[in-house]
Every structure is written in structure tokens, then in C-alpha cells.
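Just so it is clear: chains get the letters A, B, ... in the order the sequence lines come, proteins before strands, and each one is counted from 1. Just so you know, these numbers come straight off a predicted model, no measurement behind them.
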2 protein chains.
Amino acid sequence: MDGRILTALGNDGRRSYAEVGNEVGLSTAAVHERVKKMLERGVIRRFSISVDPDSVGLGFTAFVAIRNDGGAHCREVAPRLREMTAVQELHSVAGEYDFLAKIRTHHARELEAVLYQIKSIPGVARTTSTVVLNTEFEDQPLRPIAA
Amino acid sequence: MDGRILTALGNDGRRSYAEVGNEVGLSTAAVHERVKKMLERGVIRRFSISVDPDSVGLGFTAFVAIRNDGGAHCREVAPRLREMTAVQELHSVAGEYDFLAKIRTHHARELEAVLYQIKSIPGVARTTSTVVLNTEFEDQPLRPIAA
DNA sequence: TGTGAAATTGATCCACA
DNA sequence: TGTGGATCAATTTCACA
């Protein structure tokens, strides 16, 4: 039941609880109760809006793989990357590289500046960038009851 | 001004227009007007909720690079990937591979099934997977006025 | 956990600067 | 494009099954 509520809200977080309740067969108050509990449990992290990156000038996307050296500074790499507004996602990954970062900038030239900034972080050995030509889709709402 | 409204709403899409207006120095009605226009222009794509993937059992993430063969089926690859619920993002990229997909499944074993599905799409030549060990952060709200 | 109804708060509309 | 006030619709609370 919670899964169906998340799906209903995921597609449009503004949909009223009455409408959602109608869809899943619960009263307004019951939906409210469940949403409140999911917020408490951390299932719902926050309500948000989906902004079109192009519209705000952030039309350039790249994935940057980052390799650490073996030094003592490795623990500090992630916090430093978190401070950079261009870094929208950061994953610790298995394989040849240690991190995979999703970067969004205004244009290609700005990526160069971001890469210099990343390379200047103590502990970073090298980076490899994959430039996005076109984002087919993203923002796909999480479907809890995946097939 | 719109940028500040997006930032205020991006951190919590449920924040009231009165509160947002207070923050940016506008009346409730003015914020409402601007949000309406941003919805019309497509700057705001939709209101949504941020769901914690682990909480709904989708605790396994991987990035899969996909290489097309040169055949006639290449145009059909993206639409087919869009239909797969496990594929949360799909980017057309420059370099050795043609697509980069963000995949979310319940566990590693399920990724295997997803990979078989992807490899069975006509036009797909080969894939390379990068397994996520830990997501440091994602869901970073878009900061329109990036430094 | 659920319900329906009451109370409260917020979104939306309007006349006007 | 903005404002303040009226109206309408939503969330939130409550007594109770």
C-alpha cells in the first residue's frame, strides 16, 4: 500500500491526499498518517521539485571517474567533492576507479575548471571524463514495486 | 529572483509560498504567479518526492555503459531502455560507448537479469558495468546560480 | 490502522497600484 | 509585475470504530 502511495506522489508530489487516497482506496486522513510515518522513517527524504537543467543554464553534463592514490588523504576526497556545487552525485564504485561523479556545468569550458579543482584535491590521482551528448531521460520516479 | 525561488522550493517542495515569499521578499500571490509561469515554461518539470531507494528495497545501483553495433536498430535502443523500470537514467555519451545507464535493482543477482535483457535488444553490441559500492550523495538539488 | 467531520492553514483569484 | 484581501481547497487534528 505504501508503495502505491509513493508511486502516486512520485509522479506529482503536489497531488492532493484526497486524490491519492481515492487512487489507492484510503481516506485523506489515512494517507496523511502514512505519509507522516514514511517521513519519520526516512522512506520519504523530502518533497522537491524537478527543475529542467537547460532552463537554468546548466546544459552541460559529464560523468567523471576519479581514481585515488594510496595516500592518507583518501577519506577527505568525498567531503571535498560534496562542497562543489557542480558535483550533483557521487558514488563510490568498484573497479579501476574509486568514485564516479555526475557533473553539471553551464558549458564545456566550465568542466575544465571543475576538473582542475578536482585534481587539486589531495588524494586524487587521476580522472577520466565521459561527456554526455544528450540525456534521453532521467528523473524517472522510483518504482518501488519494480517488475 | 526565480533562481532563489527554485532553490527555496528545491530543498523542500512543500514549503509554503508564504514562507518562500518571506525568504525572497515577495508576496504569496507573486510567488504563486512566478511558479505558475515557470511551470508553463517548463523550468519546473514537476513536483515530486525524494524516496530513499534502500527503504523500498532498491539497494543495488550500477552504471552500465552500452555500445551499439553499426546496424539499423540503433535508433530503437533508447526507447527499449526507457521501458525497463530498472533503468532510471539514460544518457547518450561520447567516447568508446554510446549510452550510459543508471540501473537500480534489489540485489546484484537482479542486475544479471537486467543485463541479459539489455543485451537482447537489437543493436546492442556489448555492455560494461560499474557497480556502486556506496552512494555518497545524490539528489543534490539543482543550484541554478552555481558558483 | 482506519474513518468522517471539524478546524486550521495554504493556494488561488481578483481588483487595483 | 507587484500587493492585500476574499474565496476556495487542501492539510491537519480529533473523537471514535
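- Look at CD1 on I5(A): it is 12 Å from C1' on dG2(C), rounded to the nearest Å.
- Between R34(A) and dG2(C) there is a side-chain polar atom (N or O) within less than 4.0 angstrom of OP1 or OP2.
- If you measure from atom CZ of R14(A) to atom P of dG10(C), you get 16 Å, rounded to the nearest angstrom.
- Taking atom CG on D12(B) and atom C1' on dG10(C), their separation rounds to 14 Å, with Å as the unit.
- Nearest-nucleotide positions on DNA chain C for T28(B) and L26(A) put L26(A) closer to the 5' end.
- In this structure, M1(B) CE and L26(B) CG are separated by 4.5 Å, a value rounded to the nearest 0.5 Å.
- Pairs engaging residues 60-83 of chain A under the salt bridge (charged side-chain N to carboxylate O under 4.0 Å, His left out) rule: none recorded [sequence neighbours left out].
- Using a 4.0 Å cut-off, some side-chain N or O of H32(B) falls inside it from OP1 or OP2 of dT12(C).
- Mapping A29(A) and Y17(B) onto DNA chain C via the closest heavy atom, the residue that lands nearer the 5' end is A29(A).
- In this structure, the nucleotide among dC13(C), dT3(C), dA11(C) sitting nearest to the side chain of K36(B) is dC13(C).
- Across the protein-nucleic acid pair, F47(B) atom CZ and dA10(D) atom P stand 15 Å apart, rounded to whole Å.
- Between the T135(B) side chain and the F137(B) main chain, no donor and acceptor come within less than 3.5 Å of each other.
- Judged by distance alone, the side chain of R46(B) and the main-chain N or O of G10(A) form a donor-acceptor pair under 3.5 Å.
- Taking atom CE of M1(A) as the reference point, atom P of dG2(C) lies 7 Å away to the nearest angstrom.
- If you take NZ of K37(B) and C1' of dT12(C), they are 15 Å apart, rounded to a whole angstrom.
- Taking atom CG of L9(A) as the reference point, atom C1' of dA10(D) lies 14 Å away to the nearest angstrom.
- Per the geometry, CE belonging to M38(B) stands 12 Å off P belonging to dT1(D), to the nearest Å.
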